[in-house]
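Written below as structure tokens is the structure these notes are about.
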2 protein chains.
Amino acid sequence: MSLPHAILTALLEKPSSGLELTRRFDRSIGYFWSATHQQIYRELGRLETDGLIRALPAEQPSRGQKKSYEVLPAGRDELARWTAASQDPKPHRDPLLLRLRAAAVVGTAGLEADLRRHLQLHERQLAEYREIEERDFPPGRDGTGDRLRHLVLRAGIDLETFWTQWLRRALEDFPGPPEG
Amino acid sequence: MSLPHAILTALLEKPSSGLELTRRFDRSIGYFWSATHQQIYRELGRLETDGLIRALPAEQPSRGQKKSYEVLPAGRDELARWTAASQDPKPHRDPLLLRLRAAAVVGTAGLEADLRRHLQLHERQLAEYREIEERDFPPGRDGTGDRLRHLVLRAGIDLETFWTQWLRRALEDFPGPPEG
DNA sequence: AATCTCATGTAAGTAGTTACATGATTAT
DNA sequence: ATAATCATGTAACTACTTACATGAGATT
């Protein structure tokens with residue numbers, strides 16, 4: 001149940017319409033909680049029904065008209081409650097690691113090219129994160145909110161760094177020394 | 001569509017019953033592709049219907065009787081096809097990073113205790129992975145399959161190492177220096 | 001008028017989760 | 001015989017994905 005809270009966070013940072021939220025989920029927030037526009041519109045409807053957000057008054061007919069939302073006090077309370085609540089880490093699901101495990105059984109044929117492609121994608125993402133860090137967190141003091149946001153970005157940078165290193169290491173084993 | 005392939009991999013490594021698979025998904029395979037027994041039984045049924053696996057002949061009445069499965073040639077082919085096929089990396093979803101982002105907006109009250117708990121859990125997982133590495137991959141030469149399995153385990157070790165380090169760093173900021 | 005883009009949605013399907021049901025075997 | 005555990009399942013629900021629909025405003 002993280003999507004509503006992701007949306008509440010995004011709306012608290014800045015009141016937005018569905019499409020604007022969708023755009024922000026393609027960068028920023030979406031780096032660690034992705035969502036499509038269909039999910040977002042549905043969830044906006046629920047949050048409004050539940051009284052956690054409201055449409056900014058600007059006389060909107062139903063369709064095709066931009067509709068912006070802001071967070072109500074009940075929404076902020078719910079987000080604070082959720083943030084403080086204890087949550088178990090969800091089990092990981094990583095298809096790439098699964099594929100390597102499968103390759104250990106059925107062979108590595110055809111796998112190398114896709115590993116190289118993944119390496120490129122992770123390198124690109126890492127470069128993007130580093131640009132954001134340079135732009136948004138120049139050396140110097142951060143405020144409390146900035147410090148936390150910087151910490152989250154560092155997680156992204158370190159994770160992408162890990163993947164690029166791990167993939168390079170994996171590729172060193174391809175096609176691999178002859179089997180014993 | 002990774003669960004059927006996770007099951008095929010597990011069954012190729014060793015033919016098993018549903019419950020045995022469930023146990024193996026609680027360790028080993030489950031470290032990077034978790035599944036509950038309900039998912040596994042449902043998927044075993046589908047795989048059997050599709051002719052990718054079959055129940056080992058041992059006259060099984062319907063319920064309460066152990067039923068083991070093995071992979072058929074069509075199943076091995078499908079796994080090899082899937083392993084070699086190009087796949088885009090799925091977007092990440094990390095509730096903990098989301099919570100830190102939310103905390104940047106609504107405050108960090110109540111968050112520290114859960115971060116400490118997560119740190120403990122990751123430390124335990126890391127210790128477990130290291131034991132497995134010592135036991136299953138002692139220094140020396142690995143075969144090709146072993147090399148790949150070791151590589152996958154190293155990913156687990158490195159990821160857990162990252163999380164423990166990141167969480168320690170995050171906790172250094174709690175309750176945090178006074179706000180600017 | 002036709003077309004393109006912006007913006008909001010509906011519908012259907014798949015995957016995963018949670019709660020519960022039931023038969024078979026073993027231990028007390 | 002009762003209870004605990006092993007083993008296999010059903011049912012209902014939630015979250016996510018994919019494909020499509022539709023209105024409004026701008027462009028040609």
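Numbered from 1 within each chain, the chains take letters A, B, ... in sequence-line order.
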**Asked** Between B/E20 and B/R23, is there a side-chain N and carboxylate O pair less than 4.0 Å apart?
**Response** no
**Message:** Between B/Y41 and B/H37, is there a side-chain heavy-atom distance shorter than 4.5 Å?
**Reply:** yes
**Prompt:** Does B/Y41 place a side-chain N or O at less than 4.0 Å from the phosphate oxygens OP1/OP2 of D/dT8?
**Reply:** yes
**Complete:** On DNA chain C, more 5' by nearest nucleotide between A/K90 and B/R46 is B/R46
**Complete:** Among the nucleotides D/dC16, C/dG9, C/dG16, whichever has the atom closest to the side chain of A/Q38 is C/dG9
**Message:** Using salt bridge (Lys or Arg N to Asp or Glu O under 4.0 Å), reason through B/R169 and B/E172 one step at a time and then give a plain yes or no.
**Reply:** CA-CA 5 Å; B/R169 182 172 178 169; B/E172 282 173 16; over 6 Å; no
**Between D/dT10 (P) and B/L44 (CG): distance, integer Å** = 12 Å
**Request:** In plain terms, say whether A/D136 and A/R149 are close enough for a salt bridge, that is, a side-chain N and a carboxylate O under 4.0 Å apart.
**Result:** no
**Side-chain donor/acceptor contact of A/R42 with base of D/dT14 under 3.5 Å** = no
**Request:** Starting from C1' on D/dT8, measure out to CZ on B/R23 and report it in whole angstrom.
**Result:** 13 Å
**Request:** For A/Q39 and C/dT10, give me the distance from atom CD to atom P, rounded to whole Å.
**Result:** 15 Å
**Item:** A/L3, nearest nucleotide to its side chain (from C/dC20, D/dC16, D/dC20)
**Value:** D/dC16
**Prompt:** Which nucleotide, D/dT17, D/dA7, C/dT8, lies nearest any side-chain atom of B/K66?
**Reply:** D/dA7
**Asked** At under 4.0 Å between heavy atoms, what does B/T22 touch on the DNA or RNA strands: base, sugar-phosphate, or nothing?
**Response** nothing
**Request:** For the pair A/D158 and A/R154, find out whether any cationic side-chain nitrogen is under 4.0 Å from an anionic carboxylate oxygen.
**Result:** yes
**Request:** To the nearest Å, give me how far apart CG (A/D88) and P (C/dG16) are.
**Result:** 19 Å
**Item:** Rounded distance in Å - CD1 (B/I40) to C1' (D/dT10)
**Value:** 16 Å
**Request:** Could you check which of C/dT17, D/dT18, C/dT8 has an atom nearest any side-chain atom of A/L19?
**Result:** C/dT8
**Request:** Determine: side-chain N/O of B/S17 to OP1/OP2 of D/dT8, distance under 4.0 Å, yes or no.
**Result:** yes
**Rounded distance in Å - CD (B/E48) to P (D/dG9)** = 9 Å
**Prompt:** How close or far is atom C1' of C/dT17 from atom CD of B/E43, stated in whole angstroms?
**Reply:** 15 Å
**Prompt:** Please give, in whole Å, the distance from D/dT22 P to A/H37 NE2?
**Reply:** 14 Å
**Message:** Which nucleotide wins on minimum distance to the side chain of B/M1, given the candidates C/dA15, C/dC20, D/dC6?
**Reply:** C/dA15
**Prompt:** Do the side-chain N or O atoms of B/R93 get closer than 4.0 angstrom to the phosphate oxygens (OP1, OP2) of D/dT17?
**Reply:** yes
**Asked** Is any side-chain N or O of A/K67 closer than 4.0 Å to OP1 or OP2 of C/dG9?
**Response** yes
